[in-house]
There are 2 protein chains.
Amino acid sequence: MKDIPLQLWVVLARAFNAVERHSRASIARFGVGTTEFGVLEVLHHKGELPVCEVQRRILVESSSTTYVVDKLCARRLVRRRRGETDRRVILLTLTSAGRRLIRRIFPPHARAMRYAVAALAPRDQARAVRLLRTLGLGAAARLESR
Amino acid sequence: MKDIPLQLWVVLARAFNAVERHSRASIARFGVGTTEFGVLEVLHHKGELPVCEVQRRILVESSSTTYVVDKLCARRLVRRRRGETDRRVILLTLTSAGRRLIRRIFPPHARAMRYAVAALAPRDQARAVRLLRTLGLGAAARLESR
DNA sequence: TGAAACTATCTCGATTTCGAGATAATCCGC
DNA sequence: GCGGATTATCTCGAAATCGAGATAGTTTCA
């Protein structure tokens with residue numbers, strides 16, 4: 001096998017899959033799925049955000065975002081609010097229950113991630129971050145121009 | 001942001017997502033999804049294989065594997081055959097139509113992957129392969145031991 | 001040998017995600 | 001300030017994936 005791009009795609013998929021399982025396992029016992037966690041996390045770190053902004057960050061389609069936000073609202077973890085300056089947007093915020101939950105989930109999740117990637121020494125983790133950032137941004141840019 | 005493991009997880013997910021879109025786009029016009037393509041590809045490269053062996057390589061659960069193989073069999077791209085030495089296993093092979101199809105899909109797919117990862121110079125692609133292989137194997141190993 | 005543990009595959013129902021398209025609000029160029 | 005393009009969100013039905021568990025065959029070893 002000499003085709004590096006194909007090899008890169010394979011190991012990228014495998015690494016993503018394995019690390020994602022660690023992530024899922026660390027949050028599943030709180031009754032929260034990967035995508036729901038993504039919403040809680042971004043709202044926790046950025047504060048109130050429009051749905052579209054959240055969507056961009058959690059890597060699912062808009063219809064799936066609606067679905068996930070519906071569930072979080074039903075569980076009273078997130079609240080919807082109509083935007084005032086731009087009345088197309090719906091702004092999302094954590095409720096206090098949502099804030100409590102994410103604060104409880106986050107520390108073990110960060111530990112799980114540290115453990116998941118510990119096969120790489122810190123220096124190599126930093127290298128991987130740089131390479132993957134370039135790769136991801138480049139691939140994303142090339143998507144649009146096609 | 002100083003937490004490298006979390007950063008690594010984010011850029012890994014983003015890179016995977018962006019590259020996967022390239023992959024999907026390159027095979028979707030043949031009416032084949034990512035998982036179906038995985039089955040065709042592995043059978044193309046390895047020849048006849050048991051379902052469980054295919055499953056290990058395409059990163060989905062066994063029930064999903066059954067579902068995907070069902071569809072490929074319905075389209076007469078793959079054939080099931082009962083194993084002889086071990087009668088639990090079902091062996092999968094490409095039909096000649098399946099072989100024809102994968103041979104038609106593969107070259108543009110390889111090109112798409114080359115293009116998708118072209119933001120990294122060949123030398124950095126090779127570095128990324130090494131790092132991701134270590135990361136993936138390490139994370140997978142750490143899954144079991146938990 | 002025979003029972004218990006393990007492995008391979010499949011079934012079934014539920015969950016998650018997608019894609020196309022509807023609706024409403026905003027932006028832009030003239 | 002009008003009309004067409006764009007953007008934000010949501011609805012709906014279909015497709016993909018999962019998880020638990022059923023079934024059948026195999027391995028292990030007391």
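Nothing here was measured: the structure is a model prediction, and the numbers come from that model. Proteins get letters first, then strands, A, B, ... in listed order; numbering begins at 1 in each.
Side-chain rings of A/Phe37 and A/His44 stay apart, their centers remaining 6.0 Å or farther from each other. Between A/His109 and A/Phe30, the distance separating the two ring centers is not shorter than 6.0 angstrom.
Salt bridge annotation for B/Glu61-A/Arg21: present, with a cationic side-chain nitrogen under 4.0 angstrom from a carboxylate oxygen. Salt bridge annotation for A/Glu53-A/Lys46: absent, with no cationic side-chain nitrogen under 4.0 angstrom from a carboxylate oxygen. A salt bridge between B/Asp124 and A/Arg130 is absent, with no side-chain N of the basic residue lying under 4.0 Å from a carboxylate O of the acidic one.
The side chain of B/Lys71 contributes an N or O atom lying less than 4.0 Å from OP1 or OP2 of D/dA16. The side chain of A/Arg80 contributes an N or O atom lying less than 4.0 Å from OP1 or OP2 of D/dC10. The shortest distance between the side-chain N/O atoms of A/Ser64 and the OP1/OP2 oxygens of C/dC18 is below 4.0 Å. Residue A/Arg56 places none of its side-chain N or O atoms closer than 4.0 Å to OP1 or OP2 of D/dT7.
Computed from coordinates, the A/Leu72 CG to C/dT16 C1' distance equals 13 Å when rounded to whole Å. One interatomic measurement links the two molecules: CG of A/Leu91 to C1' of D/dC10, which rounds to 16 Å at whole-angstrom precision. For the pair A/Arg87 CZ and D/dA8 P, the interatomic distance rounds to 16 Å; values are reported in whole Å. Nucleotide D/dA8 holds its P atom 13 Å from the CG atom of A/Leu92, rounded to whole Å. Rounded to an integer number of Å, the gap from A/Ile90 CD1 to D/dT11 P is 10 Å. In this structure, the CZ atom of A/Arg81 is 17 Å from the P atom of D/dA8, given to the nearest Å. Residue B/Leu59 contributes atom CG, which lies 15 Å from atom C1' of D/dA16 at whole-angstrom precision. Protein atom CD of B/Gln55 is 8 Å distant from nucleotide atom P of C/dT9, rounded to whole Å.
Side-chain to base pairing of A/Ser63 with D/dC12: no donor and acceptor N or O lie closer than 3.5 Å to each other. For A/Arg88 against D/dT7, a side-chain-to-base donor-acceptor contact under 3.5 Å is present.
Ranking C/dC18, D/dG19, D/dA16 by closeness to the A/Arg24 side chain, first place goes to D/dG19. When distances are taken from the side chain of A/Val60 to each of C/dT26, C/dC18, D/dT17, the shortest belongs to C/dC18. Each of D/dT11, D/dG19, C/dT9 was ranked by its minimum atom distance to the side chain of A/Thr66; first place goes to D/dT11.
Taking CG of B/Leu6 as the start and CE of A/Met113 as the end, the distance is 7.5 Å to the nearest 0.5 Å.
Nucleic acid contact for A/Thr35: sugar-phosphate only, since backbone atoms but no base atoms lie under 4.0 Å from a heavy atom of the residue.
Residues A/Tyr67 and B/Asp70 both approach DNA chain C. Their nearest nucleotides, taken by heavy-atom distance, put B/Asp70 toward the 5′ side. The residue among A/Cys52 and A/Arg21 whose nearest nucleotide of DNA chain D is located toward the 5' end is A/Cys52. Mapping A/Pro50 and B/Thr85 onto DNA chain D by nearest heavy atom places A/Pro50 closer to the 5' end of the strand.
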